[in-house]
Visitor: 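Dumping the structure here so I can ask a few things about it.
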Amino acid sequence: MVAIRLPDGTEREFEEGATAREIAASIGTRLAQAAVAAVANDVVVDLDRPIEPANDAPVALRILTPKDRESLDVLRHSTAHLMARAIMRLYPGVQLAFGPTTAQGFYYDVLSAGRPISEADFPAIEAEMAAIVRAAEPFERFSLPVDQARAFCSDLGQKFKVEHIDTELHQYGVLSFYRQGEFVDLCRGPHIPSAAKAGAFKLLSIAGAYWKGRADGPTLQRIYGTAFFDKKELDAHLSRLEEAKKRDHRKLGKELGLFTISPMVGSGLVLWMPKGAIIRGVLESFVKDELIKDGYQPVYTPHIGKIELYQTSGHYPYYKDSQFPTLRLLSDAALALVELLESGSGDDAAQRKLLTDAGIPESMPRPVADATGESASESYWDLNPAGRVEYVERCGVAEEYLLKPMNCPHHIQIFAAQPRSYRDLPVRLAEFGTVYRYEQSGELSGLTRVRGFTQDDAHLFCTEDQVRGEFRATMELTRRILAGLGLTDYRLRLSKHDPSDAKYQGAAGETWRRAEDDIRAVLDEMRLPYDEASGEAAFYGPKADFIVRDCIGRQWQLGTVQLDYVLPERFKLDYTGADNHPHRPVMIHRAPLGSMERFFGILIEHFAGAFPLWLAPEQIRVLSVSDKTADYARGVLDRLLEHGFRAAIDHRAEKIGAKIRDAQLEKIPVMLVVGAKEAESGSVAYRDRHDGDQGSMSLEAAIERLETERRERVVRHVVEASATPEDHGSEQHAY
RNA sequence: GCUGCCGUGGCUCAGUCGGUAGAGCGCGUCCUUGGUAAGGACGAGGUCCUGGGUUCGAAUCCCAGCGGCAGCUCCA
């Protein structure tokens with residue numbers, strides 16, 4: 001007998017081997033009909049699998065119906081199987097890789113034997129899936145010992161499954177399979193009992209993916225889809241996706257004239273248009289005001305720095321691949337020699353003298369990279385003129401600069417420029433510093449992933465005793481700034497090092513552990529929920545990251561606060577302590593917004609382009625009902641400008657309805673409509689973008705209202721930052 | 001970087017079988033002076049991404065490059 005405890009607390013006994021379906025049936029036929037799967041002691045199981053008795057205690061059993069959140073994952077995973085089955089029918093010889101569920105649906109990675117699958121094939125695949133659903137065959141589970149399972153997959157010709165067994169599953173004694181008609185797949189389950197339960201599904205997109213994420217491995221086709229129990233839910237989901245697209249910052253940025261990216265300038269290099277620049281300027285002032293309150297000191301530093309600076313900091317050559325190539329300047333003698341060679345004149349003696357002047361040896365060890373296998377060194381004199389020029393350009397570099405990939409080395413030089421006492425600490429140096437990183441072309445995306453961006457950066461130099469207090473203050477500053485912009489839908493991540501990653505070599509120490517403990521302590525003290533992620537730390541230290549989603553559900557790191565014991569060591573920074581001995585300071589790197597570009601992108605989507613009054617590029621538009629009141633409208637505009645508002649006037653020969661519509665579409669927060677009535681009484685008809693017509697009021701009253709809204713930085717009608725409310729499953733949410 | 005898809009007026013998109021390009025919006029001019037989300041007429045505007053190739057002939061077919069999108073990989 002197996003003892004079962006139901007959610008209402010009642011306990012009942014069933015025959016050994018009883019299935020969840022049978023138990024459901026004993027409760028009620030309707031429950032059994034609606035059942036999709038079950039949860040036995042917190043594990044989701046198939047409806048038709050016998051319930052395993054637990055040691056002594058009764059098994060806590062819950063029957064899942066389409067109303068339960070867990071059911072959706074089961075359905076989607078099963079729908080992935082249906083899709084794979086349909087694809088197998090239409091594309092014989094397809095190799096199946098992985099087919100999991102996601103927060104939004106499911107995908108299956110496949111490798112087709114012949115013609116690749118394209119989106120044009122979706123209708124055919126969906127039709128085949130529909131036919132499979134109509135056939136309503138059951139999902140049948142069976143198990144095989146691991147060696148038989150391997151042979152079975154091998155017989156099926158599924159080499160990815162075989163490899164998966166060999167590399168990861170071989171330690172399990174028994175592996176489970178699911179059979180659905182002619183289709184069998186290695187799978188842990190659970191599944192819906194029958195294809196008949198699958199109802200509303202849609203294939204969404206297709207993209208490349210690597211087998212087990214390895215870029216050197218074969219490229220698979222990943223086919224995305226989603227599924228719901230109810231067609232209405234599917235339609236609602238699809239229309240939500242459509243809505244989300246309308247909020248895409250790339251689309252809104254173009255429509256509202258906020259920014260542009262020109263291939264002539266370069267991919268990932270953002271051009272801020274006047275309206276976008278206004279918003280950025282307001283944001284920067286907002287942040288600066290907060291920084292001053294917290295004792296930060298503004299600094300400015302250049303966009304480039306000598307290569308030696310980054311060699312000391314460790315940024316170069318670690319991150320050589322993600323940096324723009326260095327700027328190499330030849331010495332005068334080397335330049336003269338190149339000129340000489342290119343002019344074709346110059347005897348050996350002249351060349352030898354210039355080589356000496358330039359400090360270039362006459363023979364060099366051959367670089368390993370282009371070693372052709374023969375000689376281990378190359379001599380200047382063995383080369384033809386073109387080769388000699390190349391040689392000189394390679395060896396005659398007097399100075400080498402790097403576009404800065406980070407601001408910290410520059411700020412460190414400011415700290416190090418004068419002797420520091422413990423009394424001076426903490427020193428907090430802040431700058432909107434522009435940095436350049438050569439991101440892979442496939443990574444670039446609107447404003448959220450770019451190659452040149454400005455961080456709202458600052459570096460704090462403090463004593464060990466001050467670390468926790470300063471770290472906490474920076475966390476609070478970040479939260480304050482984000483909250484001021486109405487951004488609260490983020491999660492926090494404690495990014496730790498990964499001991500097995502070469503990037504953190506030398507990180508295996510007491511200081512790293514202490515730094516991670518410090519951050520954890522502050523987060524706990526502030527009662528902030530967070531999750532921890534290994535391998536996400538910067539190479540110089542662990543960090544606390546603020547992560548938000550964009551309108552299509554992608555997650556981005558915005559604000560970050562990082563603790564650093566490494567760079568002060570590398571740069572041998574010190575301050576004089578109370579004991580009159582030198583001590584090493586600790587650094588905190590922090591950027592509440594992260595980068596202006598990415599933050600702006602997220603903010604556009606957050607407000608769906610409808611910026612609050614204090615941020616809006618054009619805050620107020622005066623709409624004259626007709627030309628007859630144009631002069632009065634002009635007077636109203638002047639008063640607004642006097643009060644420091646960004647206002648404009650619409651004097652087109654259009655009807656008032658058209659002017660309102662256009663202002664509305666341009667997302668102008670406030671419209672002041674003026675006609676004969678208003679001109680007569682010195683009033684304005686106040687129209688709010690969100691709340692509509694507010695009626696007439698005196699111009700003074702309107703200005704008063706506007707000033708209040710601006711001063712208090714009122715943030716209203718914030719659109720949910722996530723377009724995906726039905727999020728569930730594997731995603732972790734700290735909130 | 002990899003895989004797939006895409007590239008036509010400022011924007012969104014049509015464009016048949018290979019035969020020198022079209023709509024709506026926007027823009028300009030004129031008419032209209034209208035009270036809370038689109039008044040009317042006329043007009044301008046195109047190197048069909050770039051470069052090769054096939055062809056009597058290419059927006060259309062092929063190749064390469066550039067750019068974009070989705071995903072993967074990466075992200076100090």
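Please read these numbers as outputs of a predicted model, since none were measured by experiment. Throughout, a chain's letter reflects where its sequence line sits, starting with A, and its residues are numbered from 1.
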Visitor: Give A:Gly442 one of three labels, base, sugar-phosphate or nothing, depending on what nucleic acid heavy atoms sit under 4.0 Å from its own.
Guide: base
Visitor: What's the gap between B:A21 and B:C25 when it is taken at their P atoms, as a whole Å value?
Guide: 23 Å
Visitor: Would you classify A:Glu536 as touching base, sugar-phosphate or nothing, given that sugar-phosphate means primed atoms plus P, OP1 and OP2, and contacts are heavy atoms under 4.0 Å?
Guide: nothing
Visitor: Classify A:Ile660 by what it touches in the nucleic acid, base, sugar-phosphate, or nothing, heavy-atom distance under 4.0 Å.
Guide: base
Visitor: Salt bridge (charged side-chain N to carboxylate O under 4.0 Å, His left out), that's the test. Do A:Arg214 and A:Glu163 meet it? Break it down for me.
Guide: CA-CA 14 Å; A:Arg214 288 194 294 259; A:Glu163 188 190 326; 3.3 Å; yes
Visitor: Go through B:A37, B:G34, B:A76 for me and flag the one nearest to the A:Arg661 side chain.
Guide: B:A37
Visitor: Provide, to the nearest angstrom, the distance between the CD atom belonging to A:Gln440 and the C1' atom belonging to B:U3.
Guide: 14 Å
Visitor: Calculate the interatomic distance between A:Arg250 atom CZ and B:C69 atom C1'; express it in whole Å.
Guide: 7 Å
Visitor: How is A:Ser313 classified with respect to the nucleic acid when contacts are heavy atoms under 4.0 Å: base, sugar-phosphate, or nothing?
Guide: nothing
Visitor: Kindly point out which of B:U33, B:G67, B:A70 is positioned nearest to the side chain of A:Pro263?
Guide: B:G67
Visitor: Atom CZ of A:Phe98 to atom P of B:U73: distance rounded to whole Å?
Guide: 12 Å
Visitor: Of the nucleotides B:G1, B:A38, B:A76, which one has an atom closest to the side chain of A:Met406?
Guide: B:A76
Visitor: Using a cut-off of strictly less than 4.0 Å, decide whether A:Arg449 has a side-chain nitrogen or oxygen near OP1 or OP2 of B:C74.
Guide: no
Visitor: Taking atom P in both B:C17 and B:C74, compute the distance separating them and give it to the nearest angstrom.
Guide: 45 Å
Visitor: Using a cut-off of 4.0 Å on non-hydrogen atoms, how would the nucleic acid contact of A:Lys659 be classed: base, sugar-phosphate, or nothing?
Guide: nothing
Visitor: Could you check which nucleotide pairs with B:U54 in any of the strands shown, counting Watson-Crick or G-U wobble with both distances under 3.5 Å?
Guide: none
Visitor: May I ask you to say what A:Arg687 touches in the nucleic acid, namely base, sugar-phosphate or nothing, with a heavy-atom cut-off under 4.0 Å?
Guide: base
Visitor: Does A:Tyr319 contact B:C75 through a side-chain donor or acceptor facing the base, at a distance under 3.5 Å?
Guide: no
Visitor: Taking only side-chain N and O atoms of A:Arg214, does any of them lie within less than 4.0 angstrom of OP1 or OP2 on B:C74?
Guide: no
Visitor: When the P atoms of B:U50 and B:C11 are compared, how many Å lie between them, rounded to an integer?
Guide: 15 Å
Visitor: Reading RNA chain B from 5' onward, which residue's closest nucleotide shows up sooner: A:Ala538 or A:Val674?
Guide: A:Val674
Visitor: Over all strands shown, is A:Tyr107 touching base, sugar-phosphate only, or nothing at heavy-atom distances under 4.0 angstrom?
Guide: nothing
Visitor: Does a side-chain N or O of A:Lys404 approach OP1 or OP2 of B:A76 to a distance below 4.0 Å, or not?
Guide: no
Visitor: Decide yes or no, distance alone: a donor-acceptor N/O pair under 3.5 angstrom between the base of B:G40 and the side-chain of A:Glu654.
Guide: no
Visitor: Less than 6.0 Å separating the ring centroids of A:His459 and A:Phe415?
Guide: no
Visitor: 5'-most contact on RNA chain B: A:Lys212 or A:Ser441, nearest heavy atom basis?
Guide: A:Ser441
Visitor: Does any nucleotide pair with B:C11 by Watson-Crick or G-U wobble geometry, both distances under 3.5 Å, and what is it?
Guide: B:G24
Visitor: Rounded off to whole Å, could you give me the CG-to-P distance for the A:Leu558 and B:C75 pair?
Guide: 19 Å
Visitor: Would you call A:Asp662-A:Arg621 a salt bridge at under 4.0 Å N-O?
Guide: no
Visitor: On the ring face of A:Tyr438, is A:Arg451 found with NZ or CZ under 6.0 Å from the centre and within 45° of the axis?
Guide: yes
Visitor: Examine B:C75: is either OP1 or OP2 under 4.0 Å from a nitrogen or oxygen in the side chain of A:Arg437? Give yes or no.
Guide: no
Visitor: Between B:U47 and B:A41, how far is it from one C1' atom to the other, in whole Å?
Guide: 33 Å
Visitor: Measure distances between side-chain N and O atoms of A:Tyr210 and base N and O atoms of B:G1, and say whether any donor-acceptor pair falls under 3.5 Å.
Guide: yes
Visitor: Without decimals, in angstroms, what is the distance between A:Leu623 CG and B:A37 P?
Guide: 12 Å
Visitor: To the nearest Å, how far apart are A:His249 NE2 and B:C69 P?
Guide: 9 Å
Visitor: Base, sugar-phosphate alone, or nothing: which one does A:Ala663 contact when heavy atoms must sit under 4.0 Å apart?
Guide: nothing
Visitor: Test salt bridge (charged side-chain N to carboxylate O under 4.0 Å, His left out) on A:Glu168 and A:Lys212; report intermediate values, then the result.
Guide: CA-CA 11 Å; A:Glu168 287 176 46; A:Lys212 293 197 172 177; 2.9 Å; yes
Visitor: B:A70 phosphate, OP1 or OP2: any side-chain N/O from A:Ser205 under 4.0 angstrom?
Guide: no
Visitor: Between B:C75 and B:G7, how many Å separate the two P atoms, rounded to a whole number?
Guide: 33 Å
Visitor: Counting side-chain heavy atoms from C-beta on, which of B:A76, B:A70, B:G35 comes nearest to A:Val625?
Guide: B:G35
Visitor: What is the separation between atom CG on A:Leu309 and atom P on B:A76, rounded to the nearest whole Å?
Guide: 19 Å
Visitor: Verify the contact: side-chain N or O of A:Arg222 to OP1 or OP2 of B:G4, cut-off strictly under 4.0 Å; return yes or no.
Guide: no
Visitor: Just name whichever nucleotide pairs with B:C30, Watson-Crick or G-U, keeping both distances under 3.5 Å, else none.
Guide: B:G40
Visitor: Counting Watson-Crick and G-U wobble pairs only, both distances under 3.5 Å, name the nucleotide matched with B:U60, or none.
Guide: none
Visitor: Is the NZ or CZ atom of A:Arg76 both under 6.0 Å from the centre of the six-membered ring of A:Phe106 and within 45° of that ring's axis?
Guide: no
Visitor: Roughly how many Å apart are B:A38 and B:U32, using the C1' atom of each and rounding to a whole number?
Guide: 15 Å
Visitor: On the nucleotide B:C2, are OP1 or OP2 found under 4.0 Å from the side-chain N or O atoms that A:Thr219 carries?
Guide: no
Visitor: When you compare B:U8 with B:A59, how far apart are their C1' atoms, in angstrom units rounded to a whole number?
Guide: 7 Å
Visitor: Considering every strand shown, what is the Watson-Crick or G-U wobble mate of B:U3 when both distances are under 3.5 Å?
Guide: B:A70
Visitor: Can you tell me the base-pairing partner of B:U47? Count Watson-Crick or G-U wobble geometry only, both distances below 3.5 Å, and say none if there is no partner.
Guide: none
Visitor: Determine the Euclidean distance between corresponding C1' atoms of B:A58 and B:G19; express it in Å to zero decimal places.
Guide: 10 Å
Visitor: Please confirm whether the ring centroid of A:His164 lies under 6.0 Å from the ring centroid of A:Phe98.
Guide: yes
Visitor: Tell which nucleotide pairs with B:C17, taking only Watson-Crick or G-U wobble pairs whose two distances are both under 3.5 angstrom.
Guide: none
Visitor: Would you indicate what A:Gly675 reaches in the nucleic acid, counting non-hydrogen atoms under 4.0 angstrom: base, sugar-phosphate, or nothing?
Guide: base
Visitor: Say whether A:Gln104 and A:Thr102, considering side chains only, have a donor N or O and an acceptor N or O under 3.5 Å apart.
Guide: no
Visitor: For the pair made of CG in A:Leu241 and P in B:A70, what is the distance, rounded to whole Å?
Guide: 13 Å
Visitor: So what does A:Gln557 hit on the nucleic acid, given a heavy-atom distance under 4.0 Å: a base, only sugar-phosphate, or nothing?
Guide: nothing
Visitor: For the residue pair A:Tyr540 and A:His589, categorise the inter-ring angle as parallel (less than 30°), tilted (30 to 60°) or perpendicular (more than 60°).
Guide: parallel
Visitor: I want to verify a distance call: between B:A70, B:U36, B:U12, whose nearest atom is closest to the A:Lys254 side chain?
Guide: B:U12
Visitor: Just call it for A:Gln323: base, sugar-phosphate, or nothing, with non-hydrogen atoms closer than 4.0 Å on any strand.
Guide: base
Visitor: Look at atom NZ of A:Lys667 and say whether more than 12 heavy atoms of other residues, nucleotides or ligands are closer to it than 6.0 Å.
Guide: yes
